[in-house]
Amino acid sequence: MAGDYETFEKIYLDLSRQPGRCRFAASGMGWKPSGGDTFTLANTEIASAQWSRAAKGYEVKIITRTLGIVQLDGFEQDDFDRIKEAFKAYYKINLEHREHALKGWNWGKAEFSKQELHFNVANKPAFEIPFSEVTNSNLAGKNEIAVEFSTSDGSAANGAGGRKKAKNAAAVDQLMEMRFYVPGTVKKGEGEDGSDNEGEEMSAATLFYDTLKEKADIGEIAGDTYATFLDILFLTPRGRYDIDMYESSFRLRGKTYDYKIQFENIKKFFLLPKPDEIHYMIVIGLEPPLRQGQTKYPFLVMQFKKEEDMDFDLNITEATLKEKYEGKLQMHYENPAFQVVSQIFKGLTGKKIILPSKDFISHHQQSGVKCSLKANEGHLFFLDKALLFVPKPAVYVPFDRVSHITLSRVGGSVSASRTFDVTVTLKGGEGEHQFNNINREEQTSLEDFFKAKNLKIKNDLVDDSSALLASALDEDDDMDDDDVTAARADRGSADEDEESVDEDFQADSESDVAEEYDSAHESSGSDDSEASGDEDASDAEMEDVPEPDEQPAKKKIKTKK
């Protein structure tokens with residue numbers, strides 16, 4: 001070697017925005033940008049290295065022993081010989097030249113290495129996915145696996161610390177999710193050294209999913225769990241999940257989906273008594289939201305029975321409790337389940353529990369009211385600084401974003417007077433939220449609360465209340481005479497045919513109508529008298545009674561008059 005090190009200018013570390021100076025020496029590798037912190041890697045950490053075409057030129061990918069993947073991009077093609085010689089002399093490592101597949105096929109073979117998932121097409125790598133960038137994975141279908149990647153908040157930082165955060169923040173457009181379709185079945189243990197499991201088959205997609213979870217360390221190690229809550233009911237997303245609590249994150253394990261959520265992503269934490277007086281709800285606000293396919297869930301909503309008790313012990317040492325969570329957590333809990341879960345969440349996340357405002361009490365002495373948002377029924381809760389509608393879709397409306405609030409009623413019928421609507425209009429033309437079918441008894445409570453929070457109120461209920469009452473009274477007066485006439489007609493009519501005959505005679509004179517009804521009355525009366533007088537007559541005497549088919553002829557004559 002010409003010197004004790006090799007130096008290269010304008011090299012990018014892990015897709016960083018600013019280039020820096022890269023230097024390879026016998027002690028290790030170093031990278032220093034023009035304005036920033038220096039990154040160093042000891043020679044004992046370098047396990048292998050690869051040379052390939054990349055975004056800004058040519059890339060040297062260094063696979064470390066404990067710190068994941070280190071990417072150095074921006075080399076010239078002519079630099080290959082210098083770097084290869086340096087790696088051989090300094091680290092006793094052969095710099096492998098790798099060519100990527102350029103066929104453009106979307107099918108191939110997935111292989112798991114120690115640090116990456118390789119997708120090979122025609123025995124050449126099409127792309128690689130570092131496990132350190134995988135934040136979540138779930139079975140999206142029978143043969144489909146969804147893989148989610150870290151976002152720009154740097155939540156997936158690994159042993160390299162701030163280097164990974166700089167990498168995430170460097171991207172303007174990011175790949176958020178990738179899906180793999182893995183058909184067929186495989187034998188359990190197939191391909192594993194020393195495995196004796198034969199004949200037991202499992203889905204190839206399930207094996208892919210389990211391997212990825214293990215390699216990417218999704219959900220951390222089970223032995224590091226501080227607390228585990230089993231079979232917790234979630235209203236959003238719907239289903240039952242097991243909750244594993246760790247030092248810096250928690251994990252939701254369901255039958256289909258599996259999520260790992262960092263505590264730093266929790267922005268709001270609510271504890272709400274449901275107006276049914278039976279349940280409590282714990283609501284967790286997330287940023288970025290939880291994603292389930294194309295659906296985003298900015299709020300998680302858990303539901304607990306009010307009378308359900310929980311006896312719980314934390315899986316934590318006394319030393320750790322005193323060192324990190326003094327005054328925040330305790331070793332043993334024996335309280336209602338909603339209190340235990342909320343207290344442990346509060347202690348681990350450091351987030352304040354937001355309760356309903358004391359300034360609002362509904363007509364039924366509750367902290368919220370029942371209503372609907374579009375086609376979804378739920379409850380609207382009144383907080384000190386915001387409104388919150390849960391469970392689905394969960395809507396959080398801070399008061400500082402509210403332009404004005406309108407109380408109105410849909411339609412003008414008397415039945416609509418039992419309920420009213422609240423429309424919350426946002427500032428800056430951001431739209432509005434309309435909460436429908438609120439009980440009319442809650443009107444006064446809502447108005448007092450909005451006034452206490454200095455919110456502008458437009459009350460359309462006062463304007464139409466007198467007119468609505470007057471119309472209701474007019475309808476009652478108009479219906480009195482009609483009801484009496486209808487009652488009399490109903491008493492004298494036998495069926496619908498009589499009503500149609502009465503309509504036919506509306507154009508005739510009153511005398512004709514009277515004669516018609518008089519004759520009908522006489523004929524019916526004579527029949528009745530004969531029937532009453534002959535009750536004790538024999539069957540032979542009853543044969544003298546005129547046949548029923550004579551009656552229609554009699555009616556025909558009368559209708560021709």
Side-chain angles (χ1 to χ4, degrees), residues 235-236 267-285 298-299 301 303 306 338 342 351-374 376-411 416-466 468:
L235 303 181
T236 306
K267 306 304 179 183
K268 301 288 183 181
F269 194 88
F270 307 92
L271 180 60
L272 308 171
K274 206 170 181 180
D276 61 3
E277 299 185 354
I278 301 176
H279 299 93
Y280 264 82
M281 291 186 290
I282 294 178
V283 183
I284 300 176
F299 291 90
V301 183
Q303 180 171 286
K306 185 177 180 180
F338 68 89
S342 60
K351 300 295 180 181
K352 177 185 176 182
I353 298 178
I354 302 176
L355 301 173
S357 175
K358 297 181 179 179
D359 295 333
F360 177 82
I361 299 178
S362 70
H363 179 75
H364 299 286
Q365 306 300 310
Q366 301 296 328
S367 302
V369 297
K370 186 177 181 180
C371 65
S372 58
L373 179 63
K374 296 182 179 179
N376 303 290
E377 290 188 356
H379 296 89
L380 183 63
F381 289 91
F382 301 85
L383 313 177
D384 285 329
K385 297 182 179 180
L387 298 175
L388 178 63
F389 177 85
V390 287
K392 183 179 179 182
V395 176
Y396 180 75
V397 186
F399 290 149
D400 56 6
R401 292 176 52 198
V402 175
S403 172
H404 62 275
I405 296 176
T406 305
L407 308 182
S408 60
R409 182 186 299 109
V410 175
S417 62
R418 299 176 182 176
T419 62
F420 67 99
D421 305 332
V422 172
T423 303
V424 181
T425 304
L426 304 179
K427 296 178 180 178
E430 296 183 10
E432 63 182 23
H433 300 286
Q434 188 177 61
F435 305 101
N436 305 319
N437 302 325
I438 302 176
N439 195 318
R440 184 62 183 268
E441 296 174 341
E442 310 294 351
Q443 179 183 346
T444 304
S445 302
L446 265 66
E447 289 180 345
D448 294 341
F449 177 77
F450 293 145
K451 290 177 182 177
K453 299 302 178 182
N454 297 320
L455 298 174
K456 296 180 180 179
I457 305 174
K458 182 180 178 183
N459 193 342
D460 291 344
L461 298 175
V462 178
D463 299 336
D464 63 349
S465 58
S466 58
L468 198 66

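Predicted model, so just to flag it, every value in this text is computed and none were measured.
Of the possible donor and acceptor atoms, none in the side chain of S357 sits under 3.5 Å from a partner among the backbone N and O of F382. Within the 3.5 Å criterion, the main-chain N or O of P391 finds a donor-acceptor partner in the side chain of T236. Under a 3.5 Å cut-off, the side chain of E442 and the backbone N or O of H363 do form a donor-acceptor pair.
Of the listed residues (I354, L235, V301), just one forms a side-chain contact (heavy atoms from CB on, under 4.5 Å) with V283, and that residue is V301.
Looking only at side-chain heavy atoms (C-beta outward), N376 and P393 come within less than 4.5 Å of each other. At least one side-chain heavy atom of H364 sits under 4.5 Å from a side-chain heavy atom of E441. Looking at heavy atoms from C-beta onward, V424 lies out of side-chain contact with F450 at the 4.5 angstrom threshold. By the 4.5 Å heavy-atom criterion applied to side chains, L272 and P356 are counted as neighbours. Residues V369 and N439 fail the side-chain proximity criterion, which asks for heavy atoms closer than 4.5 Å. Inter-residue side-chain proximity for F299 and V390 is flagged as unmet; no heavy-atom pair is nearer than 4.5 Å. Between F381 and P275, the closest side-chain pair of non-hydrogen atoms falls below 4.5 Å. Under the 4.5 Å side-chain criterion, counting only non-hydrogen atoms from C-beta, I282 is in contact with F269.
Considering all non-hydrogen atoms of both residues, Q366 and K274 come closest at OE1-O, 4.1 Å. Of all heavy-atom pairs spanning F338 and K306, the tightest one is CE2-O, 4.0 Å. Scanning all heavy atoms of the two residues, the minimum distance from K453 to F399 falls at CG-CE1, 3.9 Å. Looking at every heavy atom in both residues, K427 comes nearest to E430 through O-CG, 3.2 Å. In this structure, N437 and D421 approach most closely via the heavy-atom pair N-OD1, 3.2 Å. Contact between I353 and S342 at its shortest, heavy atoms only, is CD1-O, 3.8 Å.
The distance from the CG atom of D359 to the NZ atom of K451 is 14.5 Å, given to the nearest 0.5 Å. Considering NZ of K374 and OG of S372, their distance stands at 12.0 Å, rounded to 0.5 Å. Atom NE2 of residue H279 and atom CD of residue Q303 lie 4.5 Å apart, to the nearest 0.5 angstrom. Note that the NZ atom of K392 and the CD atom of E377 stand 14.0 Å from one another [nearest 0.5 Å]. The distance from the OG1 atom of T406 to the CZ atom of F420 is 12.5 Å, given to the nearest 0.5 Å. For the atom pair SG of C371 and CG of N436, the computed distance is 8.0 Å after rounding to the nearest 0.5 Å.
Taking a 6.0 Å sphere around NZ of K352, one finds it holds 12 or fewer heavy atoms contributed by other residues, nucleotides or ligands.
Look at D384 and K358 and you find no salt bridge, because none of the NZ, NE, NH1 or NH2 atoms lies under 4.0 Å from a carboxylate O.
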Side chain to side chain contact (heavy atoms under 4.5 Å, CB included) between L446 and F360, worked out: CA-CA 8 Å; L446 265 66; F360 177 82; 3.6 Å; yes

Worked check of side chain to side chain contact (heavy atoms under 4.5 Å, CB included) between K456 and V402: CA-CA 9 Å; K456 296 180 180 179; V402 175; over 6 Å; no

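T423 and Q434 are linked by a side-chain donor-acceptor pair at a separation below 3.5 angstrom, with hydrogens and angles left out of the test.
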